[in-house]
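Take a look at the structure set out below.
Just the heavy atoms: all of them, side chains too, but no hydrogens, waters or symmetry mates, feed the values below. The sequence lines fix the lettering, A, B, ..., with proteins before strands; numbering per chain opens at 1.
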Amino acid sequence: MTSYFRKSRNTELSLLYYLETNLNADWAGTTVCKTFKQVFSKDVALPIVCVRLSDTTSERLELGSTTLNNQYLLIIDIFAKSDGQRLDMADYIKDKLKEGWVHYDHSHPSGDNTSLSRVANGYDTVISYISDSKIDFGLDSLDEKDQYRHTISVRVRCSVL
Amino acid sequence: MRVEVTRYGVLPEKLIQKVETQFISLKDATRSLGEATRQVMVGAIEDSRQRNGSTGRLVNSIKVYMEDKGTVYEVGVGKIEEMNVLAPYWYLVNYGGLSGVAKHGKSLWGYYGTFIPYGRPRGEFRGLNIQGGKGATEKFTPMRGGYRMTPTAPIWPHNYIEKAANWASTIARVHYSGILHKVTIS
């Protein structure tokens with residue numbers, strides 16, 4: 001029996017897959033993950049990109065319809081080795097985001113967390129750029145992974161509702 | 001020869017009056033949008049709260065500020081200088097991270113509630129020796145007669161600022177479209 005993921009989860013995983021594929025090709029050694037627990041794990045080295053779906057806003061697509069027009073707030077946290085890398089990586093990711101990416105429907109056999117299947121179904125595009133800023137704690141003694149951080153948050157919509 | 005002059009359209013004084021009336025509506029709309037944005041930000045903080053016993057310091061430090069500069073009207077939610085004093089951990093709570101915290105530095109003074117003497121101490125550890133225990137060796141570092149705690153688990157990001165900004169940018173278009181009227185010059 002197969003478990004299919006729902007829209008929000010598919011949106012998050014589609015962006016994660018898109019960035020992972022591109023970063024593996026253009027920026028070797030970058031880890032892409034979904035949670036801060038993974039980011040700060042001792043087994044994971046810099047640079048790291050963390051992709052998270054934070055919020056979903058819903059409104060009716062049109063009068064007389066119950067179809068929802070969902071828009072997703074996706075937050076991308078960059079943990080870099082240096083300030084220069086932080087800036088370059090932020091620009092690189094924004095360039096990739098503006099192109100949009102394929103939306104995949106994900107699934108896996110029930111009870112099996114190791115394998116993931118994906119089928120292309122639509123296209124995700126950025127509706128609005130909410131923030132693109134450096135995270136600066138302003139302290140000298142910081143954890144290595146908190147030293148050169150950047151955050152990009154975007155609102156995204158899928159072409160298939 | 002007869003010349004007839006007919007004036008059409010809106011008198012300049014009337015036009016100025018129309019624009020000023022609309023500006024007052026826009027000011028009211030902007031003020032209410034600012035207050036609603038604060039509510040959304042507060043909601044995002046409270047919905048993502050991890051522990052009980054909150055004092056509400058962070059929520060109370062976020063206020064709405066309005067400034068009327070004549071032809072420019074500004075509304076802001078949260079003032080960094082004020083929040084740095086009232087709730088200096090606002091930054092870490094929003095963006096998350098491993099480095100603690102409150103006012104400064106990587107570590108903070110740990111405490112465990114009520115102090116119980118002669119037994120396993122559960123109070124502040126200042127001036128006391130910690131004997132044994134995994135937590136004592138990994139998390140507590142002797143410093144100036146007391147002990148400071150270095151977080152080993154990251155504070156996860158709440159992103160209440162991004163959530164509020166996302167909401168405000170979504171709602172602003174709809175919010176203002178109902179207020180703006182065309183000012184016609186004919």
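- Ion pairing between a basic and an acidic side chain is recognised when a charged N comes within 4.0 Å of a carboxylate O; A/Glu62 and A/Arg60 show no such pairing.
- Closest approach of B/Trp167 to B/Val40, counting heavy atoms only: CD2-CG2, 3.5 Å.
- The shortest heavy-atom contact between A/Lys145 and A/Ser41 is NZ-O, 2.8 Å.
- Annotation: residues 47-54 of chain A contacts chain B through A/Arg52, A/Ser54 [non-hydrogen atoms, separation under 4.5 Å].
- Contacts between residues 72-101 of chain A and chain B, defined by a heavy-atom separation under 4.5 Å, are made by A/Leu73, A/Ile75.
- Clustering of Ile, Leu, Val, Met, Phe, Trp and Tyr by side-chain heavy atoms under 4.5 Å joins A/Phe5 with A/Leu13, A/Leu116.
- Within the 4.5 Å cutoff, side-chain heavy atoms of B/Val64 are placed close to those of B/Met66.
- If you tally non-hydrogen atom pairs under 4.5 Å between each of A/Arg155, A/Arg149, A/Lys37 and chain B, the highest count goes to A/Arg155.
- Under a hydrophobic-cluster definition in which Ile, Leu, Val, Met, Phe, Trp and Tyr are linked whenever side-chain heavy atoms come within less than 4.5 Å, directly or via other members, A/Leu15 and A/Tyr104 are assigned to different clusters.
- Clustering of Ile, Leu, Val, Met, Phe, Trp and Tyr by side-chain heavy atoms under 4.5 Å joins A/Val119 with none of the others.
- Ion pairing of A/Arg157 with A/Asp124 is absent here, as no side-chain N (NZ or NE/NH1/NH2) approaches a carboxylate O to less than 4.0 Å.
- For the residue pair B/Glu82/B/Tyr65, the side-chain donor-acceptor check at 3.5 Å is satisfied.
- Side-chain contact of A/Thr56 with A/Asn70: a donor-acceptor pair under 3.5 Å is absent, judged by distance alone.
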